[in-house]
Amino acid sequence: MQTECKCLMVNLKMGLFLDFNPFDNLLCILLGISFTVWFTLLLVFIIVPAIFGVSFGIRQLYMKTLLKIFEAEAEHVVYTLYNECVIEPTSLEEEIKEIRRSGSNRDLDHASEFEMSDIFYFCRQGVESIMDDEVTKRFSAEELESWNLLTRSNYNFQHISLRLTVLWGLGVVIRYGFLLPLRVTLAFTGVGLLVVLTSIIGFLPNGRMKNFLSEQVHLMCYRICVRALTAIITYHDSENKPKNGGICVANHTSPIDVIILASDGCYAMVGQIHGGLMGVIQKSMVKACPHIWFERSEVKDRHLVAKRLSDHVEDKTKLPILIFPEGTCINNTSVMMFKKGSFEIGSTVYPVAIKYDPRFGDAFWNSSQFGMVNYLLRMMSSWAIVCSVWYLPPMTREEGEDAVQFANRVKAAIARQGGLVDLLWDGGLKRGKVKDTFKEEQQKLYSKMLVGTQEDRSRS
């Protein structure tokens, strides 16, 4: 029996010896060292600074280096940008009179109520709208003055240098081989910590301690997510930051607008309840902080939405509400019509202007072209996200001012500060048709001109 056991042990040892591969062992050791070094660097240089809200200046140095490269290589690119034609607006009556004057020798005072030449005015307006469409071009990527070495933005430029092509190839290796894995790791870390920590805080009783911990956790996680985009953000006029019981309104370019603002202050989010991963995040967040989530059936009930918002702002202990009144993403060249709902509540409004620098990466989300995952991957494979944020002085509704006028006044202030074009068009035109009211307005102007002409002739 002992002999059989000894033989079995010898065979087992021989089998282990034969199965042992020194190369596999060395590979495992190297992988272990690599992961240890990787996460140590993340912890020391990114996660810990994010917790305390400090920066070593690495991102700023990285941005300055990129600027020098872009400026040095700008002369190696042939530009094929097209100048926009500027069309000076004139009144309907003046233009039609000019067309009648040039096409007829008769005195305008004795002209008929309607002339066939009037049609040319509306034809011209239609052609001008096609040539210089103020709406459609706001839903496409902003054109660059110089190429930023990203294939997705080279539609206006041509490669003419081997040096430039080599530099572009090196950039692909850096962005996809180093930056993308780093950013994906940080994104999962930030979102994972947000879900776990807010869920734990949700078990604490309501009070100052819970609010304090919730704010610190939100700030920490959003700062980690900001670093996952290599976002370099410059905040201006921080003394005007939104305060509890108010409403923060900002122009909307991208879903990351939320992360940009929330990394500098805590807000109560407003939005529709989603499923999947987004739903898990929403459920965990609302346990620690009173965010306002609506069911799909409740979103269209304007009175219910207004009541929920009013109840929130009346409690001065609750965080300011963050709202994007445009209701859709615009390409950061303009500000479009603000929906009046958030301006009917009567609370103090804190305007915020956000302006991105497209040279490092286009932050605009074209939701009709890219899904959320595809968009985030494009952001994480860009050079960086560089933007400026201006906190404007708080504004309140003036006496005799309705919600629409108040919204337009706030919108104009944001556009002026951010260097954006102030447009009256509804961002809903991104997916919908022009409302009949716009057509009827032109018809009313034309009929008013004709009726006015007839009345003038009857008086004379």
Side-chain angles (χ1 to χ4, degrees), residues 63 66-67 70 81-82 84 132-148 150 152-156 225-226 229-237 248-264 322-339 351-370 372 374-392 407-408 410-431:
M63 180 184 70
L66 285 175
L67 277 177
F70 294 159
L81 288 173
Y82 300 97
E84 292 185 3
D132 187 27
D133 182 5
E134 287 189 333
V135 178
T136 305
K137 64 183 179 183
R138 308 301 174 183
F139 304 127
S140 58
E142 182 180 357
E143 290 186 347
L144 300 178
E145 295 181 357
S146 61
W147 190 37
N148 58 1
L150 296 177
R152 69 197 65 162
S153 61
N154 73 339
Y155 42 78
N156 284 322
C225 291
V226 159
L229 298 168
T230 314
I232 300 107
I233 313 167
T234 304
Y235 297 98
H236 304 272
D237 305 322
C248 174
V249 298
N251 56 302
H252 198 23
T253 304
S254 159
I256 65 175
D257 293 339
V258 175
I259 301 175
I260 297 295
L261 294 177
S263 64
D264 191 48
L322 177 58
I323 296 178
F324 301 101
E326 287 171 298
T328 189
C329 294
I330 313 298
N331 70 355
N332 209 227
T333 60
S334 64
V335 184
M336 303 191 79
M337 187 181 78
F338 279 6
K339 304 294 190 296
V352 176
I354 306 174
K355 178 61 178 176
Y356 291 91
D357 190 337
R359 292 176 295 177
F360 302 91
D362 183 20
F364 169 59
W365 181 35
N366 188 347
S367 56
S368 60
Q369 186 176 1
F370 302 106
M372 177 62 76
N374 192 349
Y375 167 77
L376 291 176
L377 287 176
R378 288 170 64 88
M379 291 298 97
M380 292 183 183
S381 60
S382 297
W383 291 112
I385 299 298
V386 180
C387 71
S388 295
V389 176
W390 289 273
Y391 296 109
L392 279 67
N408 288 334
V410 173
K411 177 168 67 75
I414 292 175
R416 186 166 52 251
Q417 181 63 73
L420 306 170
V421 180
D422 186 5
L423 297 177
L424 296 175
W425 295 100
D426 186 358
L429 293 173
K430 183 177 184 178
R431 297 181 181 86

J.: At their closest point, which heavy atom of L392 faces which heavy atom of A413, and how far apart are they?
T.: CD2-O, 3.5 Å
J.: Mind checking what makes salt bridge (Lys or Arg N to Asp or Glu O under 4.0 Å) contact with D422, not counting sequence neighbours?
T.: K411
J.: With distance as the sole test, does W365 use its side chain to make a donor-acceptor pair with the main-chain N or O of L376 at under 3.5 Å?
T.: no
J.: Which pair of heavy atoms, one from I414 and one from A353, lies closest together, and at what distance?
T.: O-CB, 3.7 Å
J.: Name all residues meeting the side-chain contact (heavy atoms from CB on, under 4.5 Å) criterion together with M380; count only those two or more places apart in sequence or in a different chain, and write none if there are none.
T.: L180, R183, V184, A187, L229
J.: Which donor-acceptor pairs under 3.5 Å do the side chains of residues 252-259 make with protein atoms, sequence neighbours left out?
T.:
unit_1	atom_1	unit_2	atom_2	d
H252	ND1	D257	OD2	2.8
T253	OG1	N332	ND2	3.0
S254	OG	I256	N	3.0
S254	OG	A363	O	3.4
S254	OG	Y375	OH	2.4
D257	OD1	Y356	OH	2.4
D257	OD2	T253	N	2.7
D257	OD2	S254	N	3.0

J.: Should N251 and I330 count as side-chain neighbours, where that means a heavy-atom distance under 4.5 Å?
T.: no
J.: Output all residues satisfying side chain to side chain donor-acceptor pair (under 3.5 Å) with N408, sequence neighbours left out; order by chain, then residue number.
T.: none
J.: Does the K339 side chain pair with the main chain of E326, one donor and one acceptor, at a distance under 3.5 Å?
T.: yes
J.: For L66, check side-chain contact (heavy atoms from CB on, under 4.5 Å) against everything at least two apart and list the hits.
T.: Y62, F70, F360, W383
J.: Any chance you could measure W390, atom CH2, to R416, atom CZ, to the nearest 0.5 Å?
T.: 13.5 Å
J.: Does the side chain of Y391 come within less than 4.5 Å of H236's, by heavy atoms?
T.: no
J.: Taking the side chain as C-beta and beyond, is there a heavy-atom pair between R359 and L67 under 4.5 Å?
T.: yes
J.: Search all heavy atoms of F338 against all heavy atoms of P325 and return the closest pair with its distance.
T.: CG-CB, 3.6 Å
J.: Minimum heavy-atom separation for I385 and G361, please, with both atom names.
T.: CD1-O, 4.4 Å
J.: Can you name the residues that form a side-chain contact (heavy atoms from CB on, under 4.5 Å) with A262, not counting sequence neighbours?
T.: Y222, M269
J.: Taking side-chain contact (heavy atoms from CB on, under 4.5 Å) as the definition, give me every residue that meets it alongside A250, ordered by chain and number, with sequence neighbours left out.
T.: L261, F324, V352, I354
